[in-house]
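This report refers to the structure that appears directly beneath it.
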Amino acid sequence: MKWGRNMRSPSTNRYLLGATLVLCLLAAPRLAWANNLKLFMKDGSYQIVSSYEVHGDRVRYFSTERSEWEEIPTALVDFDATKRVQEEEKTAEKKRLEEAREVESERFYKPPDKGMEIVPGIRLPGDDGIFTVDGKRLVRLVQSASEVILDKKRAAMVLAVPLPVVKTRSLVVLEGAKATIRLNDPLPIFYVQSGNGLGTKLEMVHLKPGKESRVVEDIATTRGKNGKASEERTMVSLERKQVAPNVYSLKPLQPLEAGEYVLGEVVDDKLSMDVYDFGYEKWEVAR
């Protein structure tokens with residue numbers, strides 16, 4: 001085939017297309033897309049954003065909190081800290097996934113025939129822990145660490161208002177919108193096997209849902225040298241029985257609502273930061 005003056009060979013067209021794509025990529029602004037990442041400032045603060053773009057001396061980002069695009073000078077942004085935290089969060093997420101796989105494998109293990117029989121054919125293992133029965137399987141609850149997050153808006157109000165009108169407020173949260181362990185029984189029975197009396201100290205808390213975390217409790221602290229902290233959480237009433245030496249059973253007095261929960265040690269009305277989390281949801285059986 002002969003090529004006319006206004007015709008190009010397929011190889012030439014492919015070359016031009018490739019060159020055009022390269023030029024478009026070079027001309028486009030740098031984009032960094034993520035699901036609610038932290039865009040750090042050089043003063044140590046950060047914005048929660050779903051994405052950001054760098055346009056010369058300006059950074060344009062979509063604020064998750066305000067649901068709108070905003071701009072700030074590039075000189076104010078700490079890109080190294082932003083990238084470092086993203087990498088740390090990726091590493092943490094990888095670790096959480098590995099732990100979730102371990103939990104999933106442990107959910108359905110056959111326990112050693114050492115402890116008391118809690119239902120026909122299922123016995124507690126020989127070591128300490130918190131257990132429940134899911135169908136015909138024994139499930140071991142896993143301990144998770146919560147963290148305290150300061151309510152920045154409330155803290156700003158405290159600085160602006162004279163003593164002692166406003167209290168500082170912080171939240172105790174667990175990472176992730178849902179616990180790894182999911183239960184289908186609205187009245188689960190938990191067996192606490194412990195030599196240090198843990199079964200007498202545990203309480204159940206119904207958590208408040210969030211997009212990326214679960215709120216365990218609110219902490220309000222009065223200002224001043226002798227400021228006091230009060231903790232507010234949604235407690236679930238339990239029936240508590242000692243069923244064997246060093247073994248207590250805990251059962252909700254009322255059926256659980258669908259949602260997220262923890263079992264945590266409460267001493268002097270203070271909830272431990274290390275809790276045992278789980279979720280209850282009714283699974284529909286396909287017919």
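Values in this document were obtained by computation on a predicted structure and should not be read as measured data. Numbers here simply count residues along the sequence, with the first being 1.
- The two residues Ala177 and Gly210 make their nearest non-hydrogen contact at CB-O, 3.7 Å.
- The backbone N or O of Ser45 sits less than 3.5 Å from a side-chain atom of Asp43, completing a donor-acceptor pair.
- The two residues Thr64 and Ser50 have their closest heavy-atom pair at OG1-N, 3.5 Å.
- Follow the hydrophobic side-chain contacts under 4.5 Å out from Val119 and you reach Met116 in the same cluster.
- Applying the 6.0 Å contact sphere to CD of Glu257 captures no more than 12 heavy atoms from other residues, nucleotides or ligands.
- Without hydrogens or angle criteria, Gln86 side chain to Lys90 main chain gives no donor-acceptor distance under 3.5 Å.
- Residue-environment remark: CD (Glu88) exceeds the threshold of 12 foreign heavy atoms within 6.0 Å.
- At least one side-chain heavy atom of Leu174 sits under 4.5 Å from a side-chain heavy atom of Val216.
- A salt bridge between Asp269 and Arg233 is present, with a side-chain N of the basic residue lying under 4.0 Å from a carboxylate O of the acidic one.
- Classification of the Phe278-Phe190 ring pair by plane angle, with boundaries at 30° and 60°, yields tilted.
- With contacts defined as side-chain heavy-atom distances shorter than 4.5 Å, the pair Leu238/Leu202 does not qualify.
- In this structure, CD on Gln47 lies 7.5 Å from CG on Leu39, to the nearest 0.5 angstrom.
- In plain terms, the two heavy atoms of Pro125 and Leu138 that are nearest each other are CD-CD2, 3.7 Å.
- Using cut-offs of 30° and 60° on the angle between ring planes, the pair Tyr261 and His206 is parallel.
- Of all heavy-atom pairs between Ser144 and Asp277, the closest is OG-OD1, 2.9 Å.
- Annotation: side chain of Asp127 is in contact with side chain of Arg140 (closest heavy-atom distance under 4.5 Å).
- Taking 4.5 Å as the limit, some side-chain heavy atom of Val148 sits within range of a side-chain heavy atom of Met273.
- Atom CZ of Phe79 and atom OG1 of Thr74 lie 5.5 Å apart (nearest 0.5 Å).
- Distance check: Leu141 CG to Thr180 OG1 gives 11.0 Å after rounding to the nearest 0.5 Å.
- Listed for the Lys42 side chain is a donor-acceptor partner under 3.5 Å among the backbone atoms of Ala75.
- In summary, Glu260 and Arg182 engage in a salt bridge, as defined by a charged side-chain N under 4.0 Å from a carboxylate O.
- Looking at Ser237, its side chain never comes within 3.5 Å of a backbone N or O of Gln254 through a donor-acceptor pair.
- Thr82 is listed as a side-chain neighbour of Phe40, based on a closest heavy-atom distance under 4.5 Å.
- The structure places CG of Leu171 at 14.5 Å from CZ of Arg214, a figure rounded to the nearest 0.5 Å.
- Looking at every heavy atom in both residues, Val243 comes nearest to Ser249 through CG1-OG, 3.7 Å.
- Summarising the local packing, NZ of Lys83 is surrounded by 12 or fewer heavy atoms from other residues, nucleotides or ligands at distances under 6.0 Å.
- Between Arg96 and Glu93 a salt bridge is recorded (basic side-chain N to carboxylate O distance below 4.0 Å).
- Rounding to the nearest 0.5 Å places CD1 of Ile72 at 13.0 Å from CZ of Arg60.
- Residues Leu250 and Ile181 share a single hydrophobic cluster, defined by chaining ILVMFWY side chains whose heavy atoms lie under 4.5 Å apart.
- If you take OG on Ser272 and CD on Gln143, they are separated by 6.5 Å, rounding to the nearest 0.5 Å.
- Looking at Lys241 and Lys251, their side chains never come closer than 4.5 Å, going by heavy atoms from C-beta outward.
- Between the side chain of Ser63 and the backbone N or O of Val49 there is no donor-acceptor pair closer than 3.5 Å.
- Residues Glu147 and Val173 have side chains in contact (heavy-atom distance under 4.5 Å, counting atoms from C-beta outward).
- Nearest heavy-atom pair, Thr132 versus Pro188, reported as atom, atom and distance to 0.1 Å: OG1-CB, 4.1 Å.
- Under the 4.5 Å side-chain contact rule for hydrophobic residues, Leu187 and Met204 do not share a cluster.
- Residues Ile122 and Tyr248 do not share a hydrophobic cluster, clusters being chains of Ile/Leu/Val/Met/Phe/Trp/Tyr side chains in contact below 4.5 Å.
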task: Please lay out, stage by stage, how Val77 and Val54 fare under the test side-chain contact (heavy atoms from CB on, under 4.5 Å).
output: CA-CA 10 Å; Val77 181; Val54 180; over 6 Å; no
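- Within the 4.5 Å cutoff, the side chain of Met235 has heavy atoms near those of the Val205 side chain.
- For the side chain to side chain donor-acceptor pair (under 3.5 Å) condition, the pairs that include at least one residue of residues 194-204, sequence neighbours left out, are Ser194-Asn196, Glu203-Arg240.
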